[in-house]
Amino acid sequence: MNGHLNEIMRLLRNIIRIGTISAVNLDEGTCRVNTGQNTTGWLPWLTGRAGRSRAWSAPSVGEQVLILSLGGELNTGFVLPGVFSESHPAPSASADALHWSFPDGAVIEYEPNSGALTATGIQTALIKAAGKITLDSPLVECSQKLKAATFELTGGGMLQGDVLHSGGQLSSNGKILHTHQHKGDSGGVTGTPL
């Protein structure tokens, strides 16, 4: 009887356990977890969506997680990432923000209190989009602190509506427009644009 009671208690203790990721298999979507004196076998981690719409965010070695084991058997467990810890503290203190911090220092955050959607700290940013991008904003600012920013239409394109340029020089095919002159009809040179 005592053996059965010990086994029942072991199973109950294993239904929910806390642990730390020790290894990750990205191809299989599984990980191993150190919990107490045990290291689990390869267990799947839980995600926000895993049907026709799917989400991917792999746990990292050293991340604190919960193991949810069916019937208390660790080999039937699922890993629920992420429990903040001393080595991996919460990256924000906002009650409403959606915040993603990445290993290279990049941060993507939406803060409803200010209405700001930001992507910062990215050393080499590449944003890809297929189809149409609509910016319904009175101001779109492209800035680059190290050198001049570039807006490039590699396949050609078109600007429609009034365009106002101020400050600096505007050039087209190597010709600075506000100082550009043409040969006149009678052999002279026209003045610069008014």
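Any value given below was found using the heavy atoms of this structure, including those in side chains, with hydrogens, waters and symmetry copies removed.
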| said: Within the structure provided, determine whether I67 and I16 are in side-chain contact (heavy-atom separation under 4.5 Å). | reply: no

| Minimum heavy-atom separation for T35 to I18, with atom names? | OG1-O, 2.9 Å

| field | Set of side chain to side chain contact (heavy atoms under 4.5 Å, CB included) partners for H99, sequence neighbours left out | value | P91, S92, S101, V107, E109

| task | Report the C-alpha separation of V79 and V33 in whole Å, then their side-chain angles, then the decisive distance to 0.1 Å, and conclude whether the side-chain contact (heavy atoms from CB on, under 4.5 Å) test is met. | result | CA-CA 8 Å; V79 176; V33 181; 3.8 Å; yes

| For V83 and V65, what are the C-alpha separation, side-chain angles and deciding distance, and is it a side-chain contact (heavy atoms from CB on, under 4.5 Å)? | CA-CA 5 Å; V83 180; V65 297; 5.7 Å; no

| said: Once side chain to side chain donor-acceptor pair (under 3.5 Å) is applied, what residue pairs with a partner in residues 36-64 remain, sequence neighbours excluded? | reply: N34-T39

| field | Residues that E28 engages under side chain to side chain contact (heavy atoms under 4.5 Å, CB included), provided they are two or more places apart | value | N25, T30

| task | Please list, chain by chain and in numerical order, all residues satisfying side chain to side chain contact (heavy atoms under 4.5 Å, CB included) with L46, sequence neighbours excluded. | result | L68, F78, L80

| Least distance between heavy atoms, G77 atom then P44 atom | O-CD, 3.7 Å

| field | Spatial distance of atom CD1 (I108) from atom CZ (F102) [nearest 0.5 Å] | value | 4.5 Å

| Residue pair I21 / C31: nearest heavy atoms and the distance that separates them | CD1-SG, 3.6 Å

| field | Closest non-hydrogen atom pair between E111 and A97, with its separation | value | OE1-CB, 3.3 Å

| remark: Here the ring-ring contact (aromatic ring centres under 6.0 Å, His included) pairs for residues 8-28, sequence neighbours left out, are none

| field | Spacing of CG belonging to L74 relative to CG belonging to L43, to within rounding of 0.5 Å | value | 7.5 Å

| Which residues pass the salt bridge (Lys or Arg N to Asp or Glu O under 4.0 Å) test with E73, sequence neighbours left out? | R10

